[in-house]
2 protein chains.
Amino acid sequence: MESNLQIDSLDKKILSMITHNARIPFLEVARECKVSGAAIHQRIQRLMNMGVIKGSEFIINPSKIGYHTCAFMGIFLKKASLFDKVVKMLEEIPEVVECHYTTGEYAMFIKIFAKSNEHLKRILHDRLQNIPGISSTETIISLDESFKRQLPIE
Amino acid sequence: MESNLQIDSLDKKILSMITHNARIPFLEVARECKVSGAAIHQRIQRLMNMGVIKGSEFIINPSKIGYHTCAFMGIFLKKASLFDKVVKMLEEIPEVVECHYTTGEYAMFIKIFAKSNEHLKRILHDRLQNIPGISSTETIISLDESFKRQLPIE
DNA sequence: CGTGAAATTTTTTGGAT
DNA sequence: ATCCAAAAAATTTCACG
């Protein structure tokens, strides 16, 4: 998971282009990088095989599809060893979009979308607090996502 | 930002396909949905114009490009009115990938990647704590991202 | 690894229902 | 809004340097 060395500056240029627009034609990337389309094709294949690229996605505006509430939630566990089981339960809640094992304030930390504050309350009360192993939670509601972007390539 | 009504079930099917693979040929989406490629093309164009789709991206494995530390940070502000200025300063730090205006424990909440814990410490000490307006921060380090996924379409 | 070329497939546009 | 069809462009593969 740590190797970084087999990525050269052409790879970085490719990555920085395709991370900002997954639909950009590889031929356009090729022209910009002054190599053939086949070279780009081949390198992207290699980056996928190496696990550098995990996939691609269209980015949706959550509120446009009815998700008006975004929250982060810190979770306290009864026992740290319950982590794996709790992850499995959280995975069954589709509104939970991100789940981390953390150190600091909380044992776990999740990001969650809900249709409304009322819906969030229901998810919290009906689903999260019924998961055995969770002792308590703290909710941080996002009133506004100021920005969200890709991590810098190099 | 709130309208949801002009999205029908075909749009949802399209969205759920392209959010999981941004490079899927629209013709393949068309075949799966049993409509013409032109219809998919046109609907995706419409979804972009409506702002439902904000863009697309390749997903990178952070550790494969040298980012071994992921953290969340809660920020306390000296005055809530300083929010806009602080956002501008945070935007200048490329390692900060997400920034929220929050209610709950903190006034602001960010997600941040760093090459190492040492690098995170440097960002925190040299950059974040020099931003006027920030009174203090609390760091939550992610030891493991258990999962990360798209929000459910419908 | 890179290239160029060939075959296949997709994207994109315009006119018709 | 959808379709069909045609033109343009991109993807994919492969033999070769």
Side-chain angles (χ1 to χ4, degrees), chain A residues 1-66 150 152-154, chain B residues 1-66 150 152-154:
Chain A
M1 279 290 177
E2 52 292 307
S3 48
N4 171 9
L5 301 169
Q6 52 256 61
I7 294 175
D8 65 16
S9 71
L10 178 54
D11 289 322
K12 285 178 191 156
K13 185 156 186 184
I14 295 168
L15 287 173
S16 88
M17 290 184 83
I18 67 178
T19 50
H20 291 98
N21 174 11
R23 292 291 293 197
I24 190 172
F26 293 169
L27 269 178
E28 196 176 323
V29 178
R31 285 185 292 261
E32 176 76 24
C33 297
K34 302 196 198 305
V35 292
S36 69
I40 301 296
H41 187 264
Q42 210 173 108
R43 278 181 177 252
I44 289 180
Q45 202 57 248
R46 187 177 122 270
L47 289 166
M48 286 178 150
N49 293 339
M50 289 167 61
V52 176
I53 294 173
K54 290 200 285 185
S56 64
E57 59 190 22
F58 267 81
I59 306 160
I60 303 300
N61 184 335
S63 69
K64 294 279 189 179
I65 58 165
Q150 288 268 9
I153 313 289
E154 175 57 299
Chain B
M1 278 289 177
E2 52 293 306
S3 48
N4 172 6
L5 302 170
Q6 51 256 62
I7 294 175
D8 65 17
S9 70
L10 178 54
D11 289 323
K12 284 178 191 156
K13 185 156 188 185
I14 295 168
L15 287 173
S16 87
M17 290 185 82
I18 67 178
T19 49
H20 291 97
N21 175 12
R23 291 293 292 198
I24 190 172
F26 293 170
L27 267 178
E28 197 176 323
V29 178
R31 285 185 293 262
E32 176 77 24
C33 297
K34 301 192 197 310
V35 293
S36 70
I40 300 296
H41 188 264
Q42 202 175 317
R43 275 178 179 254
I44 289 181
Q45 202 56 250
R46 186 176 124 270
L47 289 166
M48 288 179 147
N49 293 338
M50 286 166 63
V52 176
I53 294 172
K54 289 200 284 186
S56 64
E57 59 191 20
F58 267 81
I59 306 160
I60 304 300
N61 184 336
S63 69
K64 295 279 190 180
I65 59 166
Q150 288 268 8
I153 313 289
E154 175 56 302

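First the proteins, then the strands, lettered A, B, ... as listed; each starts at 1. Given the structure is predicted, the values throughout are model-derived calculations rather than measurements. Scope of the values below: all heavy atoms of this structure, side chains included, with no hydrogens, waters or symmetry mates.
Across all their heavy atoms, L27(A) and G37(A) have their closest contact at CD2-CA, 4.0 Å. Pairing each heavy atom of V29(A) with each of M17(A), the nearest pair is CG1-SD, 3.9 Å. Of all heavy-atom pairs between K64(B) and I7(A), the closest is O-CD1, 3.4 Å.
Along DNA chain D, read 5' to 3', the first and last nucleotides having any atom under 4.0 Å from a heavy atom of chain B are dA1(D) to dT11(D). If you walk DNA chain C from 5' to 3' and mark each nucleotide with an atom closer than 4.0 Å to a heavy atom of chain A, the marks span dC1(C) to dT11(C).
Taking P152(A) as the reference, Y67(B), P94(B) meet the side chain to side chain contact (heavy atoms under 4.5 Å, CB included) condition, with sequence neighbours excluded. Remark: E28(B) pairs with no residue by the side chain to side chain donor-acceptor pair (under 3.5 Å) rule, at least two apart or across chains. Residues passing the side chain to side chain donor-acceptor pair (under 3.5 Å) test with E154(B) are K12(B), sequence neighbours excluded. The side chain to side chain donor-acceptor pair (under 3.5 Å) search around Q45(A) returns none, not counting sequence neighbours. Evaluation of the side chain to side chain contact (heavy atoms under 4.5 Å, CB included) rule for A22(B) yields A22(A), S56(A), F58(A), S56(B) as partners, not counting sequence neighbours.
Rounding to the nearest 0.5 Å gives a distance of 4.0 Å between CD1 of I53(B) and CD1 of I18(B). Here NE2 of H20(A) is found 11.0 Å from CG of L15(A). Values are rounded to the nearest 0.5 Å. The distance from atom CG of L10(B) to atom CD1 of I14(B), rounded to the nearest 0.5 Å, is 4.0 Å. Interatomic distance, N21(A) CG to S16(A) OG, rounded to the nearest 0.5 Å: 11.5 Å.
Residue pairs meeting the salt bridge (Lys or Arg N to Asp or Glu O under 4.0 Å) criterion with at least one member in residues 30-53 of chain B, sequence neighbours excluded, are D8(B)-R43(B), D11(B)-R43(B), D11(B)-R46(B). Within the structure, the salt bridge (Lys or Arg N to Asp or Glu O under 4.0 Å) test picks out no pair touching residues 15-27 of chain B (sequence neighbours left out).
Using a 4.0 Å cutoff on non-hydrogen atoms, the parts of residues 33-48 of chain A near DNA chain D are A38(A), H41(A), ordered by number. For the contact set between residues 13-29 of chain A and DNA chain C, defined by any heavy atom under 4.0 Å, the members are R23(A).
Taking 4.5 Å as the limit, some side-chain heavy atom of M50(A) sits within range of a side-chain heavy atom of Q6(A).
The rotation axes computed at either terminus of the helix from dG2(C)-dC16(D) to dT17(C)-dA1(D) lie 30° apart, taking five pairs at each end and rounding to 10 degrees.
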